[in-house]
Amino acid sequence: MLRQLSSKSVSSGLVRNSTRSATSISDVFRPKKYGGTYTVTLIPGDGIGAEVTDSVKEIFKAENVPIDWETINVTGVGNKTEAFNESVLSLKRNKIGLKGILFTPVDRSGHASFNVALRQELDIFANVVLIKSIPGVNTRHKDVDFALIRENTEGEYSGLEHQSVSGVVESLKIITREKSERIARFAFDFALKNNRKLVTCIHKANIMKLADGLFRQTVRDVGEEYPGIECKDMIVDNASMQAVSYPQQFDVLVLPNLYGSILSNIGSALVGGPGLIPGCNIGTEYAVFEPGCRHVGLDIKGKDQANPAAMILSASMMLRHLGLDDYATRISDATYKVLADGKVRTADLKGKSSTSDFTRAVLNNLEKM
Amino acid sequence: MASRMLFKRSLLQASVLRNSIRHASSNVAAYNGKKNANGKYTVTMIEGDGIGVEISQAVKDIYAAAGVPIEWEPVDVTPIIKDGRTAIPDVAIESINRNLVALKGPLATPVGKGHVSLNLTLRRTFNLFANVRPCKSIEGCATAYDNVDTVLIRENTEGEYSGIEHVVVPGVVQSIKLITRPACERVIRYAFQYAQSIGKTRVLVVHKASIMKMSDGLFLKTAQDIAKEFPDIKLESEILDNTCLRMVTDPEPYKPVVMVMPNLYGDILSDMCSGLIGGLGLTPSGNMGDKVSIFEAVHGSAPDIAGKGLANPTALLLSSMMMLRHMKLNEYADKIESAILATLASGPANITRDLKGTASTKHYTEQVISRL
C-alpha cells in the first residue's frame, strides 16, 4: 500500500517537457506556499554557481515570479559541514530547491561528495536530464532528443570502500530491487507522460551478472506493466559508442548511477555542453533542480564567463514542478530565443559575451514578449 | 621507536610489492620470441567464430603477399569444462605459451547463466593485464569527427570485472570492485613505456577518485608514484565525467596523450572512441601480458553474414599491425598499413558493406595486395 502510494506521487510529480497542465501532488508532499509565494532553498554552490544563480534571481525578480529565496551558501571547498547540514534542513522545510554544483575534493583525506550526500539524505532518487538539440546551437549531431533517468542514491556511489590489506582496496557497488524498481517505474511514467515510446535500460549485466542483472531484470519486469511502451536494453559500452555515432535512436534511457554520469556527459557534449543542459533530482517528498551535467566550473569562477542557460532552464523546470507554468514557459522561451538568435554567445559556445550579457539578453526578450 | 617499526614495515611491504612484479625496471610486456628453423616467427592464430574464418584468411593472404616472416599455427579455443570451470583446451594454451604471441578473431560467447566469457578466460589464463586501444580517423570512413587520434590503455584483470558478487538478502546485491597496487603499477608502468615507444609525452589517468576515494584513489596515487620513474613524461589526471564530455565535444586535445584507466572506464571509453572513428570494424586492439600478448578484433562474430564473403577484415588486419610492431617487424607493418589505408580511401567500390561500400572480403583483400 505504502509503495503504491509513493510510486503514485512520484509519477505525478514528474517534470514536463512542454505540457502546461498543473501537477497534482497530494497536499502532504506539496512545497509550502505562504501569502501566495513559495519559499525555495537556493544553494548557489561552488565555481560558477553564484554567477549563474544570480542570473536566475535577476530574471525571476524582473518577472515577479512568486518565489522567496532562502539562500544557503554551502561550499565543498574545505571541510566545514555546518552550512551543508543547514541546507539539508532548509530543503526539508521547503521541499524544493535550486542548486549549483558543490566541489568534491579528489584527495583521500577530503570529505565525501556533498552533492551525493544531499541526494542520499533527501532520497531524491531520480535524476532527470534532457538531452535535446537546441535550435541555433550547431553541433556535430542533429536532431538529438532523449531523456536520461539516472538512479541517484546507490550503485557505485554507495561510499562503501575499505582497504583489506595495504595495497588492496574493495569498493562496493550496491544494487537493490527496491531502488531499481522505483527508478524503472519513474522512467516508464516519464515516458508515458511525455509521449515517448521507448525505454532503454543501460547495463553491464554480461560482466556484473548479479548486480546489473538485477537492475536489468527489474526494469524488464516493470516494463511489462506498460504495454504501450517498448522496453529494450543495451550494454553500457555499446550505448556509449552508439551515442557518439547514432544518438537519434535513443528516447528514454534508464541507468544505474555511474553509467548515468557517463552518458549524461556524453549526451551533453552531443548538443552543446554542460552550459545548456537542465536537470533535476526528484524523490517522493523533495525535489532539487540543478544543471543536468554536473560541472562545477572552478576554473572560470568569478570571471563572468559562464553560460547561465543550464541554470535558467533548470529553474524554469522548477517552476513547472510548482505549477507556475506560465512563468516557466515565458522564461524558457526567452532563453531559447537568445540561443536561437545566436548574437549573445558565452565562451563555451565560442562567443565573447559574458554571463551578464546573456542575462540581459533574456531580460530584453522577456520585455518584448 | 614506533615510527621506526612502521618505517621498517612499510619497507617490507614495498619490497613484497616490488617482488610481485617481475622485471619492474625492464620493459613490461616486451616480446622475446625467436625465429624457427625456417627463419620465421611462429604466431598462434585463433580464427574464431562466424566471420572469423573469412577475415583470418584475408590476413593470411595479405601476409603471404607481403612476405612477412610469419608462420601461422591455427588453434581451436572452443571452451572445455575443467574442474567445473570454463577453460581453454591445453593444446591452445601450449601453443600460445610457446609462440608468445597470438592473433585472434571474434569469439561468440554462449549466452547462459554462469558462463564466463571466453575473452575473460583468455585474459585470466595468460594474465593479459593491459588492453591497448588506439583509435585513428580513417580516410574514406567519414564520421562526425575528423582527426581523431587517441590511445587508451585499460587495466584488464581486476576492478569491476573481479567477478566477486553476492546476494546479501534477496533483492540486495553487492558487487565488489577490486583495485590492487601491483595491478595498478603494472598497467600504469606499461602506459608510460608505451607513451615513450610511440613518442607521446603525456600520460593521462582517467578516474573517479572524487567519489571512489580509496579504490580510484589508489589507482591515481600509484600513477603519481610511477611517474617519478619517467621524468621525461608528464602525468596528468582527469575525472571520468570530464573526459567523456571533452572527448565527445572535440577529441583533438587527446592527441598528445596516452590515456590509462581502470577496467570498466577503459571498456566504456575505448568503445566510445571507436564510435568516433566509425565503429568496432575499424578498431585494432592488443592485450598485453607479462609473457604473451594476444591481438584481436573486438567486434562480434556477425553470424548473420558469416560465410557469405561480405565481412570486413580491417579490424583484425589493423590489430595484426600492432602485433607486427610489438614483434619489431615495423617495416612490414608500415608497408601493409599504408596499403590498407590507401584501399579504404579509394572509394566505395573497394570497401565492404558495413562501411557503405560494395566490395566483398575477397575483393577488398585483393585491393590491399595490389597496393603493397
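Residue numbers start from 1 in every chain, and the chains themselves are labelled A, B, ... in the order their sequence lines are given, proteins ahead of strands. A quick note: this is a predicted structure, and the numbers were derived from the prediction, not measured. Computed over heavy atoms, backbone and side chain alike; hydrogens, waters and symmetry mates excluded.
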| remark: Max heavy-atom pairs within cutoff under 4.5 Å with chain A, candidates B/L245, B/L276, B/L120, goes to B/L245
| note | Shortest non-hydrogen pair, B/E160 vs A/I207, comes out as O-CG2, 4.2 Å
| remark: Of B/L280, B/V168, B/V169, B/T222, the largest count of non-hydrogen pairs under 4.5 angstrom with chain A goes to B/L280
| task | Can you measure from CD1 (B/I176) to CD (A/E170) and round to the nearest 0.5 angstrom? | result | 4.0 Å
| task | Could you tell me which portion of A/L258 (side chain, backbone, both or neither) has an atom closer than 4.5 angstrom to a non-hydrogen atom of chain B? | result | side chain
| message | Tell me whether A/K232 at atom NZ has more than 12 heavy atoms from other residues, nucleotides or ligands lying less than 6.0 Å away. | response | no
| field | Heavy-atom pair of closest approach, residues B/M212 and A/S171 | value | CG-OG, 3.7 Å
| query | Is the shortest distance from a Lys or Arg side-chain nitrogen in B/D267 or A/K204 to a carboxylate oxygen in the other one below 4.0 Å? | reply | yes
| Above 12 or not: heavy atoms from other molecules or residues under 6.0 Å from CZ of B/R353? | no
| query | Using a cut-off of under 4.5 Å for heavy-atom pairs, which of A/Q163, A/R177, A/K173, A/H141 has the most such pairs with chain B? | reply | A/K173
| query | Of the backbone (N, CA, C, O) and the side chain (C-beta and beyond), which part of B/Y145 lies under 4.5 Å from a heavy atom of chain A, both, or neither? | reply | both
| said: Need one label for B/H207: side chain, backbone, both or neither, based on atoms under 4.5 Å from any heavy atom in chain A. | reply: side chain
| query | Of the backbone (N, CA, C, O) and the side chain (C-beta and beyond), which part of A/V244 lies under 4.5 Å from a heavy atom of chain B, both, or neither? | reply | both
| request: Please look at B/K208 and chain A and tell me whether the side chain, the backbone, both or neither of the residue comes under 4.5 angstrom of a heavy atom of that chain. | output: side chain
| Side chain, backbone, both or neither of A/F215 within contact of chain B (heavy atoms, under 4.5 Å) | neither
| said: Taking every non-hydrogen pair under 4.5 Å, which of A/L210, A/V236, A/I175 racks up the most with chain B? | reply: A/L210
| If you take all heavy atoms of A/M241 and B/G279, which pair is closest and at what distance? | SD-CA, 4.3 Å
| task | Tell me, out of A/G267, A/A243, A/S113, A/A211, who's got the most heavy-atom pairs with chain B below 4.5 Å. | result | A/A211
| task | Can you tell which part of A/N115 gets under 4.5 Å to a heavy atom of chain B, answering side chain, backbone, both or neither? | result | neither
| Side-chain heavy atoms of A/E178 within contact of B/V172, under 4.5 Å | no
| message | Given heavy-atom pairs under 4.5 angstrom as the criterion, report whether the side chain, backbone, both or neither of A/I174 touches chain B. | response | both
| task | Quick one: closest heavy-atom pair of B/I211 and A/E161, and the distance? | result | O-OE1, 4.3 Å
| Does one side chain, of A/S261 or B/D241, offer a donor that lies under 3.5 Å from an acceptor on the other? | yes
| field | Which atoms of B/T143 approach chain A - backbone, side chain, both or neither, heavy atom under 4.5 Å | value | neither
| Side chain, backbone, both or neither of B/L269 within contact of chain A (heavy atoms, under 4.5 Å) | neither
| message | Using heavy-atom distances under 4.5 Å, tell me whether B/I164 contacts chain A through its side chain, its backbone, both, or neither. | response | neither
| task | Ignoring hydrogens and angles, tell me if any N or O in the side chain of B/K213 forms a donor-acceptor pair with the backbone of A/G159 under 3.5 Å. | result | no
| request: Counting only heavy atoms closer than 4.5 Å, note whether B/L240 contacts chain A via side chain, backbone, both or neither. | output: side chain
| Largest heavy-atom contact set with chain A, pairs under 4.5 Å, which of B/K177, B/M272, B/R246, B/E165 | B/E165
| request: Please indicate whether B/K356 has more than 12 foreign heavy atoms, meaning atoms of other residues, nucleotides or ligands, lying under 6.0 Å from its NZ. | output: no
| note | Highest number of heavy-atom pairs under 4.5 Å with chain A among B/S274, B/G217, B/G275, B/G278 belongs to B/G275
| field | Pair A/R140 + B/D250, salt bridge at N-O below 4.0 Å | value | yes
| field | The single option from A/I262, A/I235, A/N238 passing side chain to side chain contact (heavy atoms under 4.5 Å, CB included) against B/I268 | value | A/I262
| Closest heavy-atom contact between A/T104 and B/S210? | CG2-O, 3.4 Å
| said: Please determine whether side chain to side chain contact (heavy atoms under 4.5 Å, CB included) holds for the pair A/V168 and B/L178, giving the CA-CA distance in whole Å, both sets of side-chain angles, and the decisive distance to 0.1 Å. | reply: CA-CA 7 Å; A/V168 177; B/L178 179 71; 3.9 Å; yes
| Which region of A/H162, side chain (C-beta onward) or backbone (N, CA, C, O), has a non-hydrogen atom less than 4.5 Å from a non-hydrogen atom of chain B, or is it both or neither? | backbone
| note | Taken to the nearest 0.5 Å, the spacing of A/N265 CG from B/T243 OG1 works out to 9.0 Å
| If every non-hydrogen atom of B/C244 is compared with every non-hydrogen atom of A/I266, which pair is closest and at what distance? | CB-CG1, 3.9 Å
